[in-house]
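Reading through the structure tokens given below for one structure.
Worth knowing before you read on, the calculation uses all heavy atoms, side chains too, and leaves out hydrogens, waters and symmetry mates.
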Amino acid sequence: MVNSTVFNQIVEPNWLARPATIVAPLLLGCVLVRQLPDGRVIRGLIVETEAYAVGDPAFHAYKRRSDRNSVVFGPAGRSYVYLIYGIYHCFNVVTDVDGVPSAVLIRALQLESVPDGENLHRFAAGPGKLCLALQIDRSLNGSLLQPGEALWLEHRSSEQQLAGSDSIVQTTRIGISKGVDLPWRWYIKNCAAVSRF
DNA sequence: TGACTGATTGGA
DNA sequence: CCAATCAGTCAT
């Protein structure tokens, strides 16, 4: 009864080494931690996720391995970051076992604080916006998600336990033109930091 | 609804 | 080589 009530447990690669459709809802309520080059730390509660997996036509790895998507073919516990529409970045957590392409897109965070004048609940409400807020770009693609690196994940603390499955909404994914019927998007119900309701 | 932006991809 | 596409965001 010492550290467990004070410090969050780190999310380990083995915990992520399951199908993206399993991990994506479990990541809701976990904390994404960003340590900036100057040492400052930004923490955000994950409130919206999407799964991308084998046989999924919307997945970047649907057709073949390439320079861009190679990290999602590797073992769980690394970041997959790509540039989208020429201007924004998207951050994913690589999941499932080595050799099975799979990832979870982190779509929105609830931050602890935001710059003066910014909306606390909207500053990281969207995959491009959260990468801006946490200064995530392609230089972090393939990085290990563990303390001491630029990014890591922590499990839900006792103060932020989700009430139960009632508090999670499962629906279809956003912004894609293929695989639109797969219900592989999850978000925390009634959370003002979700990108779209 | 459409403008913006540039890496990536797939087809000549 | 070139054209289309794109897991987004914001202003209109």
Side-chain angles (χ1 to χ4, degrees), chain A residues 16 18-28 30 32 34 42 44-74 76-96 100-111 114-115 117-143 145 151 153 168-188 191-197:
Chain A
L16 297 167
R18 294 177 279 173
T21 50
I22 300 295
V23 175
L26 293 176
L27 280 173
L28 295 177
C30 291
L32 177 63
R34 167 73 163 119
I42 304 174
L45 193 73
I46 296 173
V47 299
E48 179 182 353
T49 59
E50 286 180 356
Y52 290 83
V54 168
D56 168 12
F59 193 18
H60 290 165
Y62 180 57
K63 292 185 177 172
R64 62 185 62 83
R65 191 173 184 137
S66 67
D67 285 343
R68 179 177 68 164
N69 68 27
S70 63
V71 68
V72 305
F73 286 80
R78 288 182 184 268
S79 62
Y80 170 49
V81 183
Y82 61 89
L83 181 68
I84 188 66
Y85 299 115
I87 37 182
Y88 296 102
H89 294 269
C90 289
F91 167 75
N92 297 246
V93 175
V94 174
T95 54
D96 219 316
V100 177
S102 169
V104 173
L105 172 68
I106 307 301
R107 286 196 53 94
L109 301 175
Q110 174 62 68
L111 299 177
V114 294
E118 298 290 348
N119 185 324
L120 177 64
H121 296 104
R122 306 309 295 167
F123 195 63
K129 296 171 77 175
L130 78 85
C131 284
L132 281 173
L134 269 56
Q135 301 178 30
I136 295 171
D137 63 27
R138 281 179 301 167
S139 70
L140 300 182
N141 183 48
S143 64
L145 298 170
L151 293 161
L153 294 161
I168 293 178
V169 177
Q170 178 177 8
T171 182
T172 52
R173 296 173 296 180
I174 287 179
I176 52 174
S177 57
K178 301 171 220 164
V180 293
D181 294 326
L182 294 172
W184 287 359
R185 173 174 176 247
W186 292 265
Y187 64 87
I188 296 180
C191 176
V194 167
S195 68
R196 279 160 55 181
F197 302 100

Range on DNA chain C touched by chain A, heavy atoms, distance below 4.0 Å: C/dC6 to C/dC10

Of A/K178 and A/G128, whose closest DNA chain C nucleotide lies nearer the 5' terminus? A/K178

Along nucleotides 4-11 of chain B, 5' to 3', which nucleotides get a B, which get an S, and which get a -, given that the test is a protein heavy-atom distance under 4.0 Å? BBBSSSS-

Could you list the donor-acceptor pairs under 3.5 angstrom formed by side chains in residues 52-63 of chain A, with sequence neighbours left out?
| residue | atom | partner | partner atom | Å |
| --- | --- | --- | --- | --- |
| A/Y52 | OH | A/E50 | OE1 | 2.6 |
| A/D56 | OD1 | A/A58 | N | 2.9 |
| A/D56 | OD1 | A/R173 | NH2 | 3.0 |
| A/D56 | OD2 | A/R173 | NH1 | 2.6 |
| A/H60 | ND1 | A/Y80 | OH | 2.7 |

For DNA chain C, determine which residues of residues 46-55 of chain A have any heavy atom closer than 4.0 angstrom to one of its atoms, and list them numerically. A/Y52

With a cut-off of 6.0 Å (strictly less than), are more than 12 heavy atoms of other residues, nucleotides or ligands near CZ of A/R196? no

Are the side chains of A/L153 and A/I46 in contact, using a 4.5 Å heavy-atom criterion? yes

Audit row: A/N92, A/V72, side chain to side chain contact (heavy atoms under 4.5 Å, CB included) steps and yes/no: CA-CA 9 Å; A/N92 297 246; A/V72 305; 6.0 Å; no

Heavy-atom distance under 4.5 Å between the side chains of A/V47 and A/L109, does that happen here? no

Under a 3.5 Å distance rule, please check whether A/R185 uses its side chain to pair with a backbone N or O of A/A51 as donor and acceptor. no

When rounded to the nearest 0.5 Å, the distance separating CH2 of A/W186 from OG1 of A/T171 is 10.5 Å

Has A/N119 got more than 12 heavy atoms of other residues, nucleotides or ligands less than 6.0 Å from its CG? yes

Test side-chain contact (heavy atoms from CB on, under 4.5 Å) applied to A/P19 - qualifying residues, sequence neighbours left out: A/T21, A/I22, A/D96

Can A/V93 and A/T49 be said to form a side chain to side chain contact (heavy atoms under 4.5 Å, CB included), step by step? CA-CA 10 Å; A/V93 175; A/T49 59; over 6 Å; no

Passes side chain to side chain contact (heavy atoms under 4.5 Å, CB included), A/L32 versus A/L151? Steps please. CA-CA 7 Å; A/L32 177 63; A/L151 293 161; 4.1 Å; yes

How does DNA chain C read in dot-bracket, base by base from 5' to 3', with Watson-Crick or G-U pairs under 3.5 Å and | used when the partner is on another strand? ||||||.||||.

Test log, rule side chain to side chain contact (heavy atoms under 4.5 Å, CB included), inputs A/Q110 and A/L120: CA-CA 8 Å; A/Q110 174 62 68; A/L120 177 64; 3.8 Å; yes

